[in-house]
There are 2 protein chains.
Amino acid sequence: MDRRGPTLEDVAREAGVSRATVSRVVNGVRNVDPGIQDLVRRAIERTGYAPNRAARSLVTRRADTVALLVSGAGDAFAARVFADPFFGRIVSGAVAFLRGRAMHPVLMFAESAPARQQVVDYLRQGGADGALVVSLQAADPLPEMLYAAGVPVVLFARPPEGLPLAHVDLDHRAGGRLAAEHLLARGCRHPATITAPQDLPAGRDRLAGFQEALTRAGRHGAPAVEGGFTVDSGAAAMLRLLDGHPEVDGVFAANDLMAQGACQVLSERGRRVPEDVAVVGFDDSSVAVTCRPPLTTVRQPVEKMAAAMAELLAARLQGAGPEPERLLFRPELVVRASA
Amino acid sequence: MDRRGPTLEDVAREAGVSRATVSRVVNGVRNVDPGIQDLVRRAIERTGYAPNRAARSLVTRRADTVALLVSGAGDAFAARVFADPFFGRIVSGAVAFLRGRAMHPVLMFAESAPARQQVVDYLRQGGADGALVVSLQAADPLPEMLYAAGVPVVLFARPPEGLPLAHVDLDHRAGGRLAAEHLLARGCRHPATITAPQDLPAGRDRLAGFQEALTRAGRHGAPAVEGGFTVDSGAAAMLRLLDGHPEVDGVFAANDLMAQGACQVLSERGRRVPEDVAVVGFDDSSVAVTCRPPLTTVRQPVEKMAAAMAELLAARLQGAGPEPERLLFRPELVVRASA
DNA sequence: ATGAAAGCGCTAACAC
DNA sequence: GTGTTAGCGCTTTCAT
């Protein structure tokens, strides 16, 4: 268990120079004679030297690590997160940016009060220099905790009211409009919607945008049933919609999983998609492709957004002004078979 | 950006004791007067002290962090990983064990050569004390690299030939047998299989177990087509099976995604599942539930296995003998509608 | 039971 | 261009 390896001192001795010189070579500082650089590099090779992170970060006050926090609640939280390709896209985007910046991305989960506390402690103790956080619940205490701890943070989605935190977000309202406009353009006369949980600002915005576009087209009061982002909740909502409004010929589901649930119910009830009822999803997740029929859906530029988060954080860590920034992204419609 | 907080020294001054005493309180060492403990705790409260990880780990030579490495290759690797609930279960299991052990789990991806190198460096530099690794490709260089770097490692699945690394694994052969026996018990007379990639030991074992059970029952030479773990590959394999062996009335797919693909093709070809063709999957992933019909499938006790991995690693870090251990787990059959 | 003091391995002034 | 040196904040003997 004694993994103590060679130190700078050892390399210095081996190369016949001082610790400082080796340090300069390791950190790529100029002002080192090319010949000596070579000497040192060979000594590093021979000794198998690897710098000690702890020692380095003790003096630089940086961990060169950023935490990617996925926050939410509930049992089997990780299982749910991993069932949703959405997070994969966020991770891909963030990781892509951080690599090459010599910043190690580490993913952590904050699914319960103790887990949250551990994560906050980890950051307060300097385990990472800052955090990118993706929050799944409306009233998530994590952003506030991180803010209070003075940890540099960038959020995916709007921060809770009153918290001045940097963030990136989608123009959800525009997304809702996109869906409505597409359904109308296809000739739907009785559009309805399966909404996201309405305690989420994003959920309210998608609904508002949808209604706004309908209103603008002279249609009022489209039926709306609230779902819970899962396939089952989408199926249940579709059943209620069908029972209460059998004339429905177009449905906007606030995410793809619910859209899939809706499609299943429709097909069980003998309604063809899209001929009898057109369905539009949201997210362009992988189920949009595997769903039968493949889903027409509103796509968020998630990777770009995640990369932007990472960039915002990096800038902040470099000492850019502390004013929290905000970046808003535009959704686009991906047309497939379902609408 | 200067997040320098209060130090042990500050707390000591505030409490009117020495650094050493504060350190003892923080680390829960006995032999500290209860009155003084209180004093110190209050001082910590007042100052908002948080120990500095770097300083601590510099002296203890431990990061109190373990890396959860997901290794594989390809574009949008993270996206693929996040589409598969399997990883969620691994993460859940490992995280559940590590919490409460005061070990921070950090998830990292090694999807390309540079990423692999970064991850290995991170560990060599003491960013984490050890690694739990889940490898997705047959010839993954990561385990070997970690072994060479002297990093304590526990693998999910069998290590490459000749590498003496601790690991947990499923008895895949038993899984294949379970599937075959179930199909036979249902009365299938013409069972076939869609296999996992045969360069994976697990893939070979599942097939071998399947064939073994059939042979034992007096049935030889069941048709087998190799798939690639995806829905599409399962669909393609099912097509080939149907074309070459129209009499097939039972299919064992080596994972649930392929089973789903098979079900889709069967239904498109007018075969009812399970009446005309029974289908058994593998993994008991979330698609097993959402699939129509829901899949009968071979379940791995993934959470238990992951927790065991973490436990093995923890033991190793505590200085347990360096002989790599191996733990083999038994699969079980989950019966749903498809077979 | 508590304190004093010696480093852990590294970077960054500061001399030369 | 290179070496010397002073810490970074903490744990841990060793005295007391």
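Each chain gets a letter, A, B and so on, in the order the sequences are listed, and its residues count up from 1.
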Visitor: Has R61(A) got a side-chain N or O lying under 4.0 Å from the OP1 or OP2 atom of dT11(C)?
Guide: no

Visitor: Return whichever of P6(B) or G16(A) has its heavy-atom-nearest nucleotide of DNA chain D closer to the 5' end.
Guide: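 The residue whose closest nucleotide sits nearer the 5' end is G16(A).
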
Visitor: Of the nucleotides dG9(C), dG3(C), dA13(C), which one has an atom closest to the side chain of S18(B)?
Guide: dG3(C)

Visitor: When you check the gap from the basic side-chain N to the acidic O, do R41(A) and D38(A) get nearer than 4.0 Å?
Guide: no

Visitor: Kindly assign one of parallel, tilted or perpendicular to the pair F87(B) and F82(A), based on the angle between their ring planes and the thresholds 30° and 60°.
Guide: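 Answer is tilted, since the angle falls between 30° and 60°.
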
Visitor: Tell me whether E111(B) is salt-bridged to R99(A), with the criterion being a basic N under 4.0 Å from an acidic carboxylate O.
Guide: yes

Visitor: Side chains of Q117(A) and D121(A): any donor to acceptor distance under 3.5 Å?
Guide: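 Per modelled atom types, D121(A) and Q117(A) side chains form a pair under 3.5 Å.
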
Visitor: Quick one, which residues of residues 25-45 of chain B touch DNA chain D with a heavy atom under 4.0 Å?
Guide: N27(B)

Visitor: Side chains of D140(B) and S71(B): is there a donor and an acceptor less than 3.5 Å apart?
Guide: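 The criterion, which ignores hydrogens and geometry beyond distance, is satisfied for S71(B) and D140(B).
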
Visitor: Here's a test of your reading of the structure: between N52(A) and R24(B), which maps to the more 5' nucleotide of DNA chain C?
Guide: R24(B)

Visitor: Provide, to the nearest angstrom, the distance between the CZ atom belonging to R19(B) and the P atom belonging to dG7(C).
Guide: 14 Å

Visitor: Under 4.0 Å from a heavy atom of chain B: give me the 5'-most and 3'-most nucleotides of DNA chain D that qualify.
Guide: dG9(D) to dT13(D)

Visitor: Is there a side-chain contact between T21(A) and R24(A) (heavy atoms, below 4.5 Å)?
Guide: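 The answer is yes, as the side chains (C-beta and beyond) meet within the 4.5 Å cut-off.
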
Visitor: Check each of L312(B), L132(B), V133(B) against L155(B) using the side-chain contact (heavy atoms from CB on, under 4.5 Å) test, and report the only one that passes.
Guide: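 Only match with L155(B) under side-chain contact (heavy atoms from CB on, under 4.5 Å): V133(B).
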
Visitor: Could you tell me whether a side-chain N or O of D129(A) sits under 3.5 Å from a main-chain N or O of R62(A), the two making a donor and an acceptor?
Guide: no

